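To keep things clear, I will list the structure first and then write my remarks on it.
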Amino acid sequence: MTRSEAIAATLPARSFWQRQRWLILRRMSQLLVLLCFLSGPWLGWWVARGNLSSSMTLEFLPLTDPLLALQIMLTGHLPAFSALLGAGLVLAFYLLVGGRVFCSWVCPVNAVTDSAAWLRRRLGLKGGRVPDANTRQWALGGVLLASALTGTLVWEWINPVSLLHRSLIFGLGGGFGVVLGIFFYDLLLAPRGWCGHWCPMGAFYGQLGRVALLRVAAPRRAACDDCMDCYTVCPEPQVLRPALKGRGTDTPLILARDCTTCGRCIDVCDQQVFKMTHRFDQRSE
């Protein structure tokens, strides 16, 4: 019996909740954010006015996408004070908690791309033409440059997050077409293509996650039996190896900026290798 098998033999059976906990919590978070915006049109009680690009919460708390505020400044205009305050609050939150937490816990497009990845696995689809790993960084640079050169908010014309949010809240159909295109792109052409390789918002929020406190770690990496389940479900599988296969004094923390802190590796690992923790937790078991 190998060491990983011996460790696995001592672990209790995991319940459905333990296998799906972080996925369920993320869907609840995404739904709650959406309901905050729908409460006004549906119930007449405005928890949040606007959309994920810019909103007023509870009539006093401005929240603004920092990428939107940056685009406005690049067009040669200064955002209103409330927009700057809102961008500062959002910026501080994601610097502290984790930049790409937005991608997995807030962004509604995440549910679309996760569904495409799930269906791709169910259908047994293999291969695909995956863009270069730095494509989204170039896309982010292109969006910012285009805004500066044209004096317009270029990204907001095509941003699928804003389009989908407006479609869900106001019933506008155009956004659904864009999101449907992303779904089939991920399903048929490039696995995890949009969020993993193209989305400039993911690139922007990834930059904010370099010093974030919230982290996934692999403290029980000695128990790993190389089943590859975590790699299969992870939206950014390249972030797993340094923490999972490190040796000696290497940290078990996943510190890569591209980690979305989605927790799916925790959900699917029967060896209970992973856990949610903070960046100062360097312990290995």
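Note that these values count all heavy atoms, side chains included, but never hydrogens, waters or copies made by symmetry. The model shown is predicted, which means the values in this text are computed figures rather than measured ones.
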For F183 against V112, the heavy-atom pair lying closest together: CD1-O, 3.7 Å

Nearest-0.5 Å distance that lies between atom SG in C36 and atom CG in L52: 10.5 Å

Donor-acceptor under 3.5 Å (D258 side chain, V239 main chain): no

Salt bridge present between D267 and R26 (N-O < 4.0 angstrom): no

Donor-acceptor pair between R27 and Q30 side chains, under 3.5 angstrom: yes

Within 6.0 Å of CH2 in W17, more than 12 heavy atoms from elsewhere: yes

T261 backbone acceptor or donor facing R100 side chain under 3.5 Å: no

Parallel, tilted or perpendicular: ring planes of W105 versus W22, cut at 30 and 60 degrees: perpendicular

Derivation and outcome, side-chain contact (heavy atoms from CB on, under 4.5 Å), residues V154 and L149: CA-CA 10 Å; V154 173; L149 293 177; over 6 Å; no

Side-chain donor-acceptor contact under 3.5 Å, T260 with E236: no

Carboxylate-amine/guanidinium contact R264 D114, below 4.0 Å: no

Separation of L140 CG from L70 CG (nearest 0.5 Å): 8.0 Å

Donor-acceptor under 3.5 Å (T135 side chain, D132 main chain): yes

Y231 versus D226, side-chain donor and acceptor atoms under 3.5 Å: no

